[in-house]
Every structure is written in C-alpha cells, then in structure tokens.
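Counting starts at 1 for both ligands and their atoms, in listed order.
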Amino acid sequence: MGKGFYISKPVGIVSIILCAGALATIIALSVVYSEEKAKNNNQVSPTDGGTTSKPPVTTLAPSNEPWDKYRLPKNLVPDHYNLTLWPRLTPDLTTGLYIFTGKSTVEFETTEETDLILIHSSKLNYTILENGHLARLTSVNSGVRVPLIKVSWLQSVTQYLVLQLDGKLMTGHRYHLYTKFTGELADDLGGFYRSEYMEDGVKKVVATTQMQPTDARKAFPCFDEPAMKAIFYITLIHDRGTVALSNGEEKGSMVSDNPNPNPIRIFARKPAIAAGQGEYALNKTGPILKFFEKYYNSSYPLPKSDQIALPDFNAGAMENWGLITYRETALLYDKEFSSNSNKQRIATIIAHELAHMWFGNLVTLRWWNDLWLNEGFASYVEYLGAHEAEPDWNVKDLIVLGDVHRVFAVDALASSHPLSSKEEDIQKPAQISELFDAISYSKGASVLRMLSDFLTEEVFTMGLRTYLSEFAFGNAVYTDLWKHLQMAVDANGTELPDTVHNIMNTWVLQMGFPVVTIDTKTGVVSQKHFLLDPDSEVTAPSPFNYEWIVPIKWMKTGAVQSPYWLRGKSATNDAMKALGTEWVLANLNVVGYYRVNYDEENWGGITGLLILFFKLIPVINRAQLVDDAFNLARAKIISTVLALNTTKYLDKEREYMPWESALNNLDFFYLMFDRSEVYGPMQDYLRKQVTPLFNYYKTLTENWSKVPDGHMDQYNQVNAISLACRTGLEECQNLAKTWFKQWMDTNNNQIHPNLRSTVYCNAIAASGANEWEFAWSQFKNATIATEADKLRSALACTKQPWLLNRYLEYTLDPKMIRKQDATSTIVYIANNVIGQSLAWDFVRARWSYIFTQYGGGSFSFSNLINGVTKRFSTEFELQQLKQFKEDNAEVGFGSGTLAVDQSIERTTANIKWIAENKQNVLNWFRDETKPVF
Ligand code: BES
Ligand code: ZN
C-alpha cells in the first residue's frame with residue numbers, strides 16, 4: 001500500500017460529492033443526465049420524525065409562469081449551503097426501499113426584489129414544517145421583516161420547489177432557506193444513488209453521487225445551474241466503520257502543518273485495494289497534477305485530491321472537485337489482468353478529469369451551451385497529461401484515430417450540428433444531456449489541437465493561463481478564451497490571417513468540416529463542405545456559407561514547406577504545383593480538422609509511393625491517406641478502387657496507426673458485405689494482407705511467448721491476431737481455441753491480458769454452450785472489472801442464436817448485467833452478424849422499458865441506437881427504422897434523439913453506396929486474390 005493510500009472500510013462507503021470549504025464550488029457542474037424515471041417517490045415514508053408530504057403536483061398545461069421556465073430567474077444568488085445528508089445503507093423496513101434524508105440551509109442574496117422563490121428539486125419529498133409549508137425562510141440581516149410563505153409546491157416538469165411569498169424579498173438582503181427532505185437512494189446511477197457489490201459473500205452498499213448535468217437537485221434542493229456557484233459546508237451522517245468522503249477536506253483531519261500539502265488518495269473496494277489495483281492510478285496522479293500545474297501556471301486549487309472507483313457508475317468518470325469518481329475499469333489496474341489499452345484508458349481518463357479541476361471547475365463555463373469547450377478541452381489535454389505519465393507511448397498521436405477520425409464520421413452527416421449552441425436553445429435536462437456527444441468531445445478536442453498548433457503551444461498556454469487567472473472561481477463564455485488567446489497572439493507578435501475569434505468561429509459556429517482539394521497541376525487550392533452522402537440535403541444555414549479559414553501544413557516530395565492559409569472557396573498557391581516526380585502531401589500529422597483530396601496524378605504519385613517507399617510518408621499521414629481515401633470514395637469524390645488501392649501496401653506495413661485506420665474503414669466493408677457474396681473474396685484478400693503481419697509478430701514474440709516492447713506494437717499485435725482470426729487464418733483460430741481450452745482444462749489463464757479480448761471472442765465464436773457457460777461463470781467471478789468487461793464483450797461473439805437471445809434477456813436483469821453495462825452489451829451483440837437482427841428486434845420490442853429504465857445515460861443511449869443500426873443498408877431496414885421512429889414518437893428517444901436521425905441518414909447513404917459499389921468492390925477483391933501464374 002502506498003503512502004497516503006487509504007482503503008475502504010468493510011461496510012460501505014458514503015461519498016458525497018459537493019464542495020466544502022472556503023471555496024467557490026461547482027455544484028451544477030458535478031453531475032449525469034436526468035430523465036423522468038418510472039418510479040414514484042411519494043412512497044418514501046417519513047423516517048426522522050417529521051411528516052413527509054405528498055405535495056400537490058400541478059399538471060396544468062404550460063403557461064408562462066416563472067416556474068414553467070427551465071432557467072432560474074437571476075434575482076436570487078446563493079452564497080453558501082449548510083447541508084446534512086444521511087443515507088441509509090439498509091432498506092427501510094416498511095417500504096423495502098433504500099432512502100436518504102437530509103436538511104439544508106441555503107443563504108442567498110436578493111439582487112432584485114421578488115415575492116417568489118424558485119429552487120431546483122427533483123424526486124425529493126419534503127417534511128411539512130411548523131409553518132405548514134415545505135420550507136422555512138428567515139432573514140440574515142436583523143431588523144428586516146421576512147415575508148411569509150403563502151403557498152409552496154413542487155413543480156415536477158421544470159423540477160422546482162416553488163415558494164410564493166406574501167411580500168417582497170429586499171434587494172441586497174440575505175435570507176436563509178431551510179428544508180428537510182427525503183429521497184430514494186435508488187440504483188439509478190443519478191443524483192444521490194446506491195451502488196452494490198459482494199465481498200466474501202456479503203452484500204456491500206455504497207451511497208454515492210452523480211450530479212452532472214442536472215441531478216444535484218435530486219440529492220437536495222439547490223440552485224442547480226453552473227453559474228450559481230456557492231460554498232458548501234457538508235455534514236454526512238454515517239455508521240461507525242464506514243468511510244465518508246466529500247470534496248473538501250475533513251474538518252480537523254488535516255492540520256495546517258501537514259507535511260503533504262495536497263494528499264492524493266485512491267479509494268475502491270477493499271479487495272481491489274488490497275490487490276494493489278489502485279497503485280497505478282496513485283503513482284500517475286502526482287506527475288499528472290504537476291504537469292497541469294505547470295501547463296496552467298496555477299497550483300492545484302484544493303487541499304486534497306481523492307479518486308474513487310465505484311462498482312456502478314454510468315459514465316467513465318466524473319470530475320467532482322477534489323473527489324473524482326470513476327467506473328472501476330477506468331481507475332483500477334492490475335498487470336495480471338489489464339491490457340495496455342486498459343492502462344492507456346486509465347492514464348488518459350485520469351488526465352482528463354484532473355484537467356477539469358482547473359478547466360471546468362476553477363473556471364466554469366456559464367451555461368451548458370458551451371459544454372463543448374469544457375469537454376473538448378479536457379479531451380485534448382488528456383493526451384498531454386497521459387504523455388507526461390507515459391512518455392514512451394507516443395500517445396499524443398492517437399488523438400488522430402481516437403478523436404479526429406472518429407468524429408469525422410458523424411460530422412460529415414447533414415444531420416450534424418455546430419460545436420456551439422445558442423444559450424436559449426439549451427433549456428431542458430434532455431437537451432443538456434444531448435450535448436455530451438462526439439461533437440462536443442472529439443470535434444472540440446480536434447479544433448483545440450489545431451488551434452494550439454497554429455498558435456504554437458507557447459502562445460496557446462500563455463492565453464490559457466491569463467484566462468484561468470482572470471476567471472478563477474468564476475464563470476466564462478467561450479469567447480473569453482479567444483480574447484485571452486488574442487492577447488497572447490498580440491503580445492507575441494504571432495502572424496495570423498485573421499483574429500483568433502474570426503478564425504475559430506468558422507470551426508465553432510458551423511457544423512461539418514471541409515475537404516480541401518489541391519490541384520498540383522495548377523496550384524489551385526479549394527474547399528467544400530464534406531458530406532458523406534453528397535445527395536443529402538443540408539438545411540441548416542451557416543453564417544459562413546460552409547467556408548472555413550483553413551491552416552494547411554504540408555510537404556512537397558518529403559520536404560516540409562511553410563504553412564499555407566486557405567480563405568474563401570478557392571485560391572492559388574504556386575508553391576503547391578508539382579512537376580515530374582514531385583508530390584504534395586497536406587495536413588501533416590492531421591493537425592487540421594479537414595480531409596484532403598488531390599488531382600488524379602498526385603493521388604497516383606502517393607499511392608505509388610505507398611507501394612514502393614511508404615516510409616517517406618509520416619506514419620500518421622499513412623493512416624490519414626487510408627481514412628481520407630475511403631471516405632472521399634464514400635462521398636463519391638474519388639473512386640472506391642482508388643481507396644482500396646491504398647490498402648495494397650499493407651502487407652509491408654508494420655505500424656499500428658495505418659493498420660488501425662485501415663481496419664476501421666474495412667469495418668464498414670464488413671458491415672455492408674458480411675451478409676453478401678462480396679464476403680468471401682474480401683476475406684481472401686484481407687487474409688493475404690494480414691498474414692505477413694501475423695508472421696512478423698509470431699517471430700517478434702518468439703511464437704507468442706513474449707510481449708512486444710512498444711505500446712503501439714502491442715496494439716498492432718492485437719490487430720494482427722484479430723484480423724488473422726477474423727479472416728479465417730487457421731493457425732490463428734487454432735491458437736485461440738487451444739489457449740482458451742487450456743484455460744478451461746487447467747483453470748489457469750495463461751493468455752496475455754493484451755490478447756484476451758480477441759482470443760476469448762474467437763474461441764467463443766468457434767464453440768458452443770460449454771465454452772459460453774465457462775466464460776459466463778468467469779465473468780461473474782472476476783475479481784477485476786477489466787477482466788469482466790473482456791468476457792462480457794466476448795460472450796456476444798457466439799454464433800448460437802439461442803445463446804445470444806438469452807444473453808439479450810440478461811442485459812435487462814441488473815442481477816446478471818449491471819445497469820451501467822446494459823446498453824453496451826446490447827451493442828456488442830449487434831456487432832455480431834448473427835446477433836444484429838436479434839438485437840434490433842429486442843430493442844424494438846422493449847423500447848419503452850429500456851427508455852424508462854436505462855434512458856438517462858448520456859453517452860450510452862446514442863451509442864445504443866447507432867450501434868444496433870449501423871449495419872443497416874437495405875430499403876427494408878430503412879423502413880423499419882422510420883417505423884421505429886414513428887412508433888415511439890411519444891415515448892421519445894431522449895439523449896438518443898439525434899442518433900435516430902443520424903441512423904436514418906446513414907442507412908440511406910449505405911443503400912446507395914452498396915448499389916453503386918458492390919460490383920466494383922467484388923471485382924476488385926477477386927482480381928487481387930486471383931492466383932498469379
Ligand atoms: N464530465 C464528464 C462525465 C459526464 C459525462 C457527466 C456525461 C455527465 C454526462 C467527464 O469529464 C468525462 O468526460 N468523462 C468521460 C471520460 C473522458 C476520458 C472522455 C467519460 O465518462 O467517458
Ligand atoms: Zn470531461
């Protein structure tokens with residue numbers, strides 16, 4: 001056990017994640033999604049003396065009363081809260097429900113006189129106080145008459161506790177609002193909720209929170225908006241033998257001459273800590289924090305830094321100030337079980353959340369419409385932080401695959417949306433939740449990386465630092481960051497074609513991205529909105545007419561040239577003319593958020609180069625060429641044959657990034673063709689291409705007995721095995737089966753953690769119920785969530801429909817599959833060609849149940865819809881999808897609403913693509929695999 005490393009006590013953990021101490025806090029930032037759940041909280045019984053009310057709930061049609069609006073009026077400003085919460089870790093005897101009780105006093109100041117108090121509250125029941133109301137109001141200033149409460153009620157649609165007063169609260173005066181309340185400590189992953197796990201046959205209960213974005217109000221009444229920062233004094237009532245944690249330091253526990261000024265602690269289930277699974281996180285947190293202190297030029301703003309792994313957690317992690325929560329797979333590492341990919345996820349997710357301690361918490365965006373800047377920023381600098389923790393990995397390069405390429409796929413649809421939303425368009429909790437999407441995260445990260453690159457990191461950090469220092473403990477809007485970056489640009493004398501504001505607005509205020517075409521015959525450089533389906537109709541107007549101010553880094557015949565800025569539809573740059581054997585390659589290292597197309601001759605030059613001298617092209621750009629070519633082909637800008645030609649050199653390629661890029665694109669071919677006659681020849685071709693890579697790793701690892709040294713090599717070894725097995729290379733399939741059988745026979749798992757996912761999947765795919773049952777029991781008994789997750793995804797690989805159907809049933813039984821994992825398991829099943837239609841039928845049949853029980857998850861819901869429909873490519877499937885949209889219009893799709901439209905658009909494009917390309921593709925694969933005489 002490391003220094004400053006505390007373990008959880010046996011009975012359970014109570015962790016309240018708000019902020020205490022003399023600091024401004026982030027209550028509205030600490031947070032999950034909130035959707036109306038089916039349960040009725042009014043069943044909760046009184047437990048601490050008072051009478052629990054069943055207050056009247058208004059069901060009138062929406063009018064224009066203040067309580068019908070989702071945004072708080074600005075006339076009351078909270079200063080601090082005194083909050084006591086008491087979760088019960090055993091069920092209430094009469095109702096059988098787990099509950100919590102609480103009381104809160106909030107001190108607020110009136111900035112404009114009013115006789116109405118609105119404070120957020122959702123699913124809480126209130127004790128009726130001696131004044132006959134749900135709250136008590138007193139004055140902080142002596143001698144001020146306090147108006148009486150006339151009426152008080154709960155407004156459930158807009159989630160308010162409403163108090164009408166018989167007189168005005170006076171401007172400049174301060175008041176105390178006291179409430180006493182009860183809530184259910186449900187297993188619903190939102191607000192103040194319950195997580196459970198078994199330890200030595202005993203059930204343990206954890207009470208924990210997920211407040212972001214709008215569920216703090218489900219834990220206690222509060223002014224639940226990001227700009228309503230306040231100080232929180234928190235009291236937690238908990239049993240002896242249990243541990244209580246909150247954001248701030250525990251009163252009396254950390255004395256002023258503490259030798260360790262910002263202790264770093266990791267919490268988790270006791271056996272996980274005992275097995276050392278928190279050590280990796282513990283060792284990396286300090287260096288990453290130090291890195292951010294330097295990067296931001298601002299010391300860590302809190303007295304301690306706790307991180308806790310929770311058995312039930314909806315997102316990956318949550319940046320509660322001073323007390324970050326994680327799902328177990330995102331924090332716990334064990335070299336016996338964790339793959340290099342698991343390790344990378346832990347390093348990057350820690351970096352991401354620590355980055356938010358400043359960017360997001362110390363300085364908070366004023367409203368959710370700017371969420372993209374918060375999440376996009378953290379998603380960019382997570383790579384910088386992870387690089388600090390693991391300098392040998394080259395992890396910064398991986399943003400190209402993980403974010404840029406990933407988001408290109410959605411941002412190329414006509415149903416995409418701009419990064420920035422208007423404040424007035426984001427009101428309801430579901431609208432807020434919907435913003436946690438690939439655009440905010442990955443496009444946000446990509447354009448900030450581009451910005452940092454063209455400003456230089458020095459200028460970027462200079463602006464960032466003054467921004468943080470001006471707005472520390474306060475709120476900002478995204479243009480405030482541009483203002484500070486501009487100040488840095490001016491101070492440094494950096495030359496730009498326009499202001500930071502004007503350049504960046506072209507990336508932030510309009511959806512999509514350009515394809516830049518370079519004609520190396522004429523030197524003409526032009527841009528056009530890139531649409532995956534060129535026939536799709538873009539109805540959204542753009543303030544810039546779908547033109548961007550584009551920074552272009554490029555090289556000619558291997559030599560890096562001075563950067564070029566493209567403004568307007570088209571321009572001429574004579575330097576980009578190529579003569580004879582010269583060739584041009586643009587968007588070096590894919591720092592720019594755009595795709596690149598060339599004249600035919602330059603494409604010919606580049607593809608020729610790939611075959612003969614591919615090492616002349618930087619490795620990230622090899623990945624780019626494949627991804628750009630495949631996508632330009634899908635958009636009918638170049639031929640599919642040209643795209644396929646970029647894969648011809650892969651038999652010589654050993655690097656991870658180009659292979660991964662090719663596999664991602666070929667995945668689309670699998671999805672489109674794994675039920676058609678193209679499948680056979682495609683398999684033959686890919687088997688031919690991957691065999692040398694497979695053999696390379698076989699030699700490098702001395703017949704699979706060693707692990708390659710490099711991080712990227714370790715990844716590519718997995719690619720080699722999974723593609724070799726997928727394409728039916730017998731040697732590979734035998735390996736997988738033998739290793740798995742050995743495990744079953746000896747009960748001793750010798751498979752390296754890096755290879756487990758793919759080996760398990762292939763072994764289970766090739767076998768029957770016995771192997772499935774074995775894997776299921778290993779899943780149930782796994783001592784680390786990472787191992788359980790590998791098995792959970794592999795269980796979806798079976799080819800037996802009855803096993804898949806039974807597995808689908810398990811996904812909605814929290815005793816079998818945790819709620820946090822339900823939707824991703826359904827998606828795993830849909831990825832399997834046999835499971836696809838079963839999963840779709842299942843989702844359609846259970847939609848309203850899934851929606852009410854599981855509908856809150858911000859990421860998981862759009863992933864579910866995109867996941868079960870991604871193979872769709874026939875008219876019939878399109879009709880089914882439209883029907884599904886129509887049938888469930890009333891139930892709704894919550895945070896998956898946009899995903900339904902994206903799926904319809906994707907299916908339409910797929911249908912056309914297949915019609916136009918199937919024959920060509922078939923011929924191409926046949927030609928490439930023809931025996932040569
Ligand atoms: N603020 C989010 C967590 C979150 C997500 C809260 C959705 C509410 C709704 C957190 O900072 C985050 O982004 N977590 C990511 C991890 C990151 C490495 C991309 C996650 O949970 O996957
Ligand atoms: Zn984040």
Side-chain angles (χ1 to χ4, degrees), residues 17 26-35 188-191 193 208-216 218 224 226 281 284 288 292 307 309-310 312-321 323-331 341-361 364-365 368 370-386 389 395 398-399 402-403 406-407 426 429-446 448 789 820-821 823-824 855-863 894-896:
I17 298 144
I26 50 152
I27 188 59
L29 230 170
S30 320
V31 203
V32 130
Y33 53 87
S34 103
E35 297 291 341
D188 58 359
L189 309 169
Y193 74 94
T208 184
T209 64
Q210 174 56 40
M211 311 296 209
Q212 196 185 26
T214 57
D215 273 343
K218 195 164 161 278
D224 196 5
K284 296 301 175 187
I288 298 175
F292 282 122
Q307 296 175 94
L310 297 161
D312 299 280
F313 190 78
N314 202 56
M318 177 64 221
E319 69 269 29
N320 308 290
W321 219 10
L323 174 47
I324 306 172
T325 44
Y326 293 83
R327 64 163 62 197
E328 291 194 349
T329 48
L331 192 68
S341 151
N342 297 144
K343 197 177 196 178
Q344 184 189 317
R345 175 159 158 84
I346 295 167
T348 48
I349 204 160
I350 290 176
H352 178 109
E353 306 309 337
L354 292 179
H356 278 313
M357 297 299 111
W358 291 260
F359 203 103
N361 295 357
T364 306
L365 275 323
W368 298 107
D370 280 346
L371 179 80
W372 71 271
L373 183 58
N374 190 35
E375 292 303 349
F377 184 88
S379 299
Y380 164 51
V381 300
E382 72 185 40
Y383 289 95
L384 312 188
V395 69
L398 294 178
I399 194 173
D403 292 283
R406 166 175 175 242
V407 71
I426 307 298
Q431 292 171 327
I432 298 170
S433 290
E434 228 183 322
L435 292 175
F436 289 84
D437 68 355
I439 298 291
S440 294
Y441 277 79
S442 295
K443 182 174 183 176
S446 305
L448 290 167
D789 263 15
Q820 60 169 14
D821 296 324
T823 52
S824 64
S858 295
F859 302 133
S860 56
F861 235 54
S862 49
N863 288 347
S895 59

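- Close contacts between ligand 1 and His356 involve ligand atoms 11 (O) [criterion: under 4.0 Å to a heavy atom].
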Before giving the answer on side-chain hydrogen bond (donor to acceptor under 3.5 Å, both in side chains), spell out for Glu319 and His352 the whole-Å C-alpha distance, their side-chain angles and the decisive distance to 0.1 Å. CA-CA 8 Å; Glu319 69 269 29; His352 178 109; 5.8 Å; no
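- In this structure, Ala317 counts as a contact residue of ligand 1, since one of its heavy atoms falls inside 4.0 Å of the ligand.
- Between atom CG of residue Asp821 and atom CG of residue Asn314 there is a gap of 9.5 Å, rounded to the nearest 0.5 Å.
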Begin from the C-alpha positions of Thr325 and Asn320 and carry the test side-chain hydrogen bond (donor to acceptor under 3.5 Å, both in side chains) through to its verdict. CA-CA 7 Å; Thr325 44; Asn320 308 290; 3.0 Å; yes
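- Within the 2.8 Å limit, Glu353 places no N, O or S atom next to the Zn ion (ligand 2).
- The shortest non-hydrogen separation linking Phe359 to Leu373 is CE2-O, 3.6 Å.
- Atoms of ligand 1 found under 4.0 Å from any heavy atom of Glu353 (numbered from 1 in listed order, with element): 10 (C), 11 (O), 12 (C), 14 (N), 16 (C).
- For Glu382, no nitrogen or oxygen atom sits less than 3.5 Å from a nitrogen or oxygen atom of ligand 1, counting backbone and side chain alike.
- Contact annotation: Thr348 has no heavy atom less than 4.0 Å from any atom of ligand 1.
- For His352, a nitrogen or oxygen atom sits less than 3.5 Å from a nitrogen or oxygen atom of ligand 1, counting backbone and side chain alike.
- Between Phe436 and Tyr441, the ring planes lie tilted relative to each other; the angle falls in the 30° to 60° range.
- For the pair OE1 of Glu375 and NE2 of His356, the angle at the Zn ion (ligand 2) is about 100°; rounding is to 10 degrees.
- The distance criterion of under 3.5 Å between nitrogen or oxygen atoms is not met by Arg345 with respect to ligand 1.
- Looking at His352 and the Zn ion (ligand 2) together, the shortest N, O or S contact belongs to NE2.
- Salt bridge annotation for Lys218-Asp224: absent, with no cationic side-chain nitrogen under 4.0 angstrom from a carboxylate oxygen.
- Every atom of ligand 1 is numbered from 1 in the order shown, and the set under 4.0 Å from a heavy atom of Gly316 is 20 (C), 21 (O), 22 (O).
- Contact check for Ile350 versus Tyr326: side-chain heavy atoms found under the 4.5 Å cut-off.
- For the pair Met318 and ligand 1, the shortest N or O to N or O distance does not fall below 3.5 Å.
- Heavy-atom contacts of Tyr441 reach the following atoms of ligand 1: 2 (C), 5 (C), 12 (C), 13 (O), 19 (C) (cutoff under 4.0 Å).
- How far CH2 of Trp358 is from CH2 of Trp321: 10.5 Å, rounded to the nearest 0.5 Å.
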For side-chain hydrogen bond (donor to acceptor under 3.5 Å, both in side chains), just list the numbers for Tyr193 and Asp215, CA-CA rounded to whole Å, side-chain angles, deciding distance to a tenth of an Å, and then say yes or no. CA-CA 10 Å; Tyr193 74 94; Asp215 273 343; over 6 Å; no
